Amino acid sequence: MVRGIRDQVTGSRLVGFARCRCDCKPMSVQPTVAHISRRVRGQTVQQVSRVAKRIVFAFADEQRLVIEPRMTGLMLLSDPPDRQHLRLEWKFQKQKTRFSVWFWDQRGLGTARLYTLSEFQEQLGPRVLGPDALEMPAQQWSARCGQTRRAIKVALLDQRLVAGIGNLYASEILHRAGIHPSTPAELLDTMQTRRLMQATRAVLKRAIRHEGSTLSDGTYRNALNQSGRYQNAHRVYARQGEICRSCKGATVIRIVQSQRSTFFCPQCQPCAATDKATRPEKRPPVA
DNA sequence: ATTAATGTTCAGAA
DNA sequence: TTTCTGAACATTAA
């Protein structure tokens, strides 16, 4: 999302910020839209950046406007999927050109927050966010996984443990790492946490390169309202009952952890607790 | 017609 | 202290 709007927005002057009139319940904006508008109008955007799963507009006076798209939020330069769910509009001016950026959000769970620099730094702090998933070094992976008894899939979604992984990518990462999602995080050995780090970097980088995953509900789109392509590379997500694309031997299983779907291949991701001790060398052929 | 599900996060309870 | 549960929302599939 950041890459989609960065070139246009960086160096542009904000000339308007407002809610879009739509029939939906108003999204969470703090302080009020009017207050934010008063404080940032007329200023130039110095930088558009990403912090974990948030989008950050940095203004000339060091204030930060942070957008959290949550499940269905999109940042758009044009052509929204529909008018119904447009939530916010930024009006910009760059040289003599005027253009708008929109926040579109079907479910309305997304949020916008204006922070002073010190408030913003608090929101980056360890009380809110752990190290970024793409940056966290190997020794941190093992130290932090060793700190919790929760299932590794659940731990990966804890933004204070490691920031930037969502439900879809947690399943894909664990599949690539060959780790069963129910494995207690503290039981992972050094080799496994290293594989977890490598799988996280590989999956997230590929997903970014392919501009995200547009699921069957079709909600995710880039800034130009085009579909992502990473859904074509999914190994397990939403593939329950189908043959695993990696081993081609087992079928993908769906389970629920912390009220959220998890997908995995029992052959590629053996159960750490039982299989290591009990799994025999070879499975006898089925009659 | 209800219920469950969804790329999430948070407050409050267990 | 750590972990779990339900709520916020809109829409679709079962």
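No hydrogens, no waters, no symmetry mates; every other heavy atom, side chains included, goes into these values. Quantities reported herein were computed from a predicted structural model and do not represent experimental measurements. Lettering follows sequence order; numbering is per chain, from 1.
Look at A:Glu211 and A:Arg229 and you find a salt bridge, because one of the NZ, NE, NH1 or NH2 atoms lies within 4.0 Å of a carboxylate O, short of that distance. Salt bridge annotation for A:Arg70-A:Asp105: absent, with no cationic side-chain nitrogen under 4.0 angstrom from a carboxylate oxygen. Using a 4.0 Å cut-off between a side-chain N of Lys or Arg and a carboxylate O of Asp or Glu, A:Asp132 and A:Arg50 qualify as a salt bridge. Under 4.0 Å is where a charged nitrogen must lie from a carboxylate oxygen, and between A:Glu122 and A:Arg127 at least one such pair does.
Computed from coordinates, the A:Leu156 CG to C:dT3 P distance equals 14 Å when rounded to whole Å. Atom CE in A:Met27 sits roughly 14 Å away from atom P in B:dT9 (whole-Å rounding). C:dT3 atom P lies 10 Å from atom CG of A:Leu161, rounded to whole Å. The distance between atom CG of A:Leu157 and atom P of C:dT3, rounded to the nearest whole Å, is 14 Å. In this structure, A:Gln159 places its CD atom 12 Å from C1' of B:dC10, rounding to the nearest Å. Here the C1' atom of nucleotide B:dT9 and the CZ atom of A:Arg113 are 11 Å apart, to the nearest Å. Taking atom CD of A:Gln257 as the reference point, atom P of C:dT3 lies 14 Å away to the nearest angstrom. Across the protein-nucleic acid pair, A:Ile67 atom CD1 and B:dT8 atom P stand 18 Å apart, rounded to whole Å.
The residue A:Gly108 sits apart from the nucleic acid: no heavy atom pair falls under 4.0 Å. At a threshold of 4.0 angstrom between heavy atoms, the contacts of A:Thr72 with the nucleic acid are absent.
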Worksheet item: So what's the dot-bracket for DNA chain B: Watson-Crick or G-U pairs under 3.5 Å, [ ] if a pair crosses, | if it pairs off-strand?
Response: .|||||.|||||||
Is there any protein nitrogen or oxygen under 3.5 Å from a nitrogen or oxygen in nucleotides 4-6 of chain B, and what are the pairs?
residue	atom	partner	partner atom	Å
B:dT6	OP1	A:Ser261	OG	2.0
B:dT6	O2	A:Arg107	NH1	3.4
B:dT6	N3	A:Arg107	NH1	3.4

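Side-chain contact, A:Arg113 with A:Ser28: a donor N or O sits under 3.5 Å from an acceptor N or O. A:Arg107 and A:Thr72 share no side-chain donor-acceptor pair at under 3.5 Å.
Heavy-atom distances to DNA chain B give each of A:Met1 and A:Val128 a nearest nucleotide, and the one nearer the 5′ end belongs to A:Met1. With the nearest nucleotide of DNA chain C identified for both A:His85 and A:Arg70, A:Arg70 has the one nearer the 5' end.
Side-chain N/O atoms of A:Gln106 include none lying less than 4.0 angstrom from OP1 or OP2 on C:dC9. Residue A:Lys53 places at least one side-chain N or O closer than 4.0 Å to OP1 or OP2 of B:dT8.
Nucleotides B:dT3 and C:dG6 place their C1' atoms 16 Å apart, quoted to the nearest Å. Atom P of B:dT8 sits at a distance of 28 Å from the matching atom of C:dT1, rounded to the whole Å.
Taking each heavy atom of A:Ser227 and A:Arg221 in turn, the nearest pair found is OG-NH2, 2.8 Å. A:Arg245 approaches A:Arg239 most closely through the heavy-atom pair CG-NH2, 3.1 Å.
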Worksheet entry | ring-ring contact (aromatic ring centres under 6.0 Å, His included) evaluation trace for A:His175 with A:Phe264 | CA-CA 6 Å; A:His175 180 263; A:Phe264 70 101; 9.6 Å; no
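Within a 6.0 Å radius of CZ in A:Arg194, no more than 12 heavy atoms belonging to other residues, nucleotides or ligands are found.
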